[in-house]
*Asks:* 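Take a look at this one; I'll ask things after.
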Amino acid sequence: MTPKEPYLLTPGPLTTSLTVKQAMLHDWGSWDGDFNSVTAEICERLLEVSGGSASHVCVPMQGSGTFAVEATLGTVIPPASTTLVLMNGAYGKRIGKILDMLGRPYIAIDKGDYHPPRGDEVAVALKENPEVEQVVVVHCETSSGILNPIQEIAGVCRQAGKRLIIDSMSAFGALPVNVAELPCAALVSSANKCFEGVPGFGFAIVERELLSASGGQCHSLSLDLHDQWRYMEKTGQWRYTPPTHVVAAFLQAMREHEAEGGVTGRLDRYSRNRDRLVAGLRELGFETLLADEWLSPIITTFLAPNSPAFEFHRFYDAIKARGFLIYPGKLTVADSFRVGCIGQLHDEQMDAVVTAIAEACRELGLQVPVPAPVAAPDNLETV
Ligand SMILES: *Cc1c(COP(=O)(O)O)cnc(C)c1O
């Protein structure tokens with residue numbers, strides 16, 4: 001990274017290592033055996049991380065993460081089958097929007113901006129709506145940073161005999177999941193989040209039996225996950241042009257993930273990043289949206305201080321001038337901003353971003369500790 005390049009404290013795209021970037025300095029033939037073996041190795045490694053090597057298959061899909069979510073929902077959900085969507089933020093809502101576009105029937109439990117969907121309410125909804133065949137949940141709802149209780153929800157789904165589909169976009173690679181044990185019928189993630197690759201493709205880890213039975217169900221030619229899988233099984237190739245450089249960089253990223261200690265190593269570093277950030281900003285008077293038990297090690301939402309001196313754009317620019325890009329808030333109820341903990345960020349960068357935020361406060365004329373936020377309409381401590 002050149003000295004002037006800012007660190008991205010955003011939940012993907014994120015700051016990648018120099019070696020991941022260097023892995024893109026080579027041109028690959030998309031039909032060539034060398035490239036096919038890169039694809040095969042990536043899929044094998046992803047399956048291993050997911051715990052699904054014996055039961056699931058991994059299918060990559062060109063595009064951003066949403067393309068992979070849409071491909072998975074459109075392929076594995078039969079056209080007339082009803083889905084229960086658990087929403088507590090923008091990404092859960094997006095799943096509903098995709099199902100709307102696909103014309104697939106669904107019901108939703110919408111917990112608003114940041115309250116977690118709980119097992120007992122999912123159990124009630126499944127009992128009241130026996131036609132539901134699958135439940136979709138977001139693992140880490142990146143719009144608030146909340147870590148949803150997927151274990152609890154998986155237990156309820158298993159008991160009720162429903163399939164569970166997880167959007168683990170911003171969690172997989174840093175938070176432990178085992179798709180065979182949960183169990184989870186399909187898990188979707190992408191290259192540019194916790195594995196620290198560059199953006200360009202997503203992937204789904206799907207029960208082999210479920211995907212085998214999903215032929216002809218997809219609404220789309222290019223997003224047909226079953227077709228992509230069959231073609232890849234047969235030829236070793238992606239169906240249409242793959243993002244070759246992105247795929248090559250991702251293999252390097254996966255090697256670095258392994259060298260760091262896999263999911264455990266990454267979770268340790270991200271948790272440390274989050275702890276340093278939260279402690280540092282609390283010392284400056286900032287408050288987190290969520291109580292500690294719901295804070296993910298991925299991204300944290302801080303409430304805006306109640307002061308006319310706090311203008312997000314000026315705050316953002318002052319922090320950017322010091323070498324860090326933060327993220328605007330995505331809440332409907334309260335003014336906020338978000339700071340990510342993922343990517344090539346270590347103790348040194350987290351300490352430096354706290355310093356940059358302290359300096360930005362001074363530049364904006366905010367006294368430190370900053371004034372408390374306007375209380376959000378709900379009791380934030382007891383979510
Ligand atoms: C990043 C993300 C996505 C996908 O977003 P894209 O912009 O399409 O890559 C989906 N769900 C969650 C929870 C995410 O964090």
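For ligands, and for the atoms within them, numbers begin at 1 and follow the listed sequence. Small disclaimer: the values here were computed from a predicted structure and weren't measured. Values below: all heavy atoms of this structure, side chains included; hydrogens, waters and symmetry mates excluded.
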*Asks:* Applying the ring-ring contact (aromatic ring centres under 6.0 Å, His included) test to Phe337, which of Phe286, Tyr327, Tyr316 qualifies?
*Replies:* Phe286

*Asks:* Can you tell which part of His139 has a heavy atom less than 4.0 Å from ligand 1: side chain, backbone, both or neither?
*Replies:* neither

*Asks:* Residue-level breakdown please: for Thr66 versus ligand 1, do any non-hydrogen atoms fall below 4.0 Å on the side chain, on the backbone, on both, or on neither?
*Replies:* both

*Asks:* Do me a favour and list the nearest non-hydrogen protein atom to atom 11 (N) of ligand 1 with residue, atom name and distance?
*Replies:* Asp167 OD2, 2.7 Å

*Asks:* Return the residue, atom name and 0.1 Å-rounded distance of the protein heavy atom closest to atom 9 (O) of ligand 1.
*Replies:* Gly65 N, 3.0 Å

*Asks:* Could you see which bit of Glu141 sits under 4.0 Å from ligand 1, with heavy atoms only: side chain, backbone, both or neither?
*Replies:*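 Neither; no heavy atom under 4.0 Å.
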
*Asks:* For ligand 1, which atoms sit closer than 4.0 Å to a heavy atom of Ser170?
*Replies:*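 Listed by number with element: 15 (O).
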
*Asks:* Taking NZ, NE, NH1 and NH2 as the nitrogens, is one of them in Glu41 or Arg255 under 4.0 Å from a carboxylate oxygen of the other?
*Replies:*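 Judged by the 4.0 Å cut-off on N to carboxylate O distance, Glu41 and Arg255 do form a salt bridge.
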
*Asks:* Any N or O of Thr142 that comes nearer than 3.5 Å to an N or O of ligand 1?
*Replies:* yes

*Asks:* Starting from atom 2 (C) of ligand 1, locate the nearest protein heavy atom and write down its residue, its atom name and how far away it is, to 0.1 Å.
*Replies:* Lys193 NZ, 2.4 Å

*Asks:* Give the C-alpha distance, both sets of side-chain angles, the deciding distance and a yes or no for side chain to side chain donor-acceptor pair (under 3.5 Å) between Ser222 and Arg239.
*Replies:* CA-CA 9 Å; Ser222 55; Arg239 234 175 1 154; 6.0 Å; no

*Asks:* For Ser296 and Gly145, work out which heavy atoms get closest and say how close.
*Replies:*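 Of all heavy-atom pairs spanning Ser296 and Gly145, the closest is OG-O, 2.6 Å.
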
*Asks:* I need the nearest protein heavy-atom contact for atom 3 (C) of ligand 1: residue, atom name and distance, please.
*Replies:* Met169 CG, 3.3 Å

*Asks:* If you round to the nearest 0.5 Å, how far is CZ of Phe172 from CG of Asp167?
*Replies:*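 Here the interatomic distance stands at 12.5 Å.
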
*Asks:* Kindly give the heavy-atom pair with the smallest separation between Ala180 and Ser55, and that separation in Å.
*Replies:*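 Closest approach of Ala180 to Ser55, heavy atoms only: CB-OG, 3.8 Å.
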
*Asks:* Which of these, Lys21, Glu196, Gln252, sits in a side chain to side chain donor-acceptor pair (under 3.5 Å) with Thr16?
*Replies:*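 For Thr16, the side chain to side chain donor-acceptor pair (under 3.5 Å) check succeeds only for Lys21.
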
*Asks:* Measuring from non-hydrogen atoms of Cys140 to any atom of ligand 1, is the shortest distance under 4.0 Å?
*Replies:*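 It does, in that a heavy atom of Cys140 comes within the 4.0 Å cut-off of ligand 1.
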
*Asks:* Between Trp238 and Phe201, is a ring-ring contact (aromatic ring centres under 6.0 Å, His included) present by the stated rule, with each step listed?
*Replies:* CA-CA 11 Å; Trp238 300 52; Phe201 73 93; 5.7 Å; yes

*Asks:* Got an N/O contact under 3.5 Å between Ser64 and ligand 1?
*Replies:*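 Yes.
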
*Asks:* Mark up the atoms of ligand 1 that fall under 4.0 Å of a heavy atom belonging to Val138, in ascending order.
*Replies:*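 That gives atoms 13 (C) of ligand 1.
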
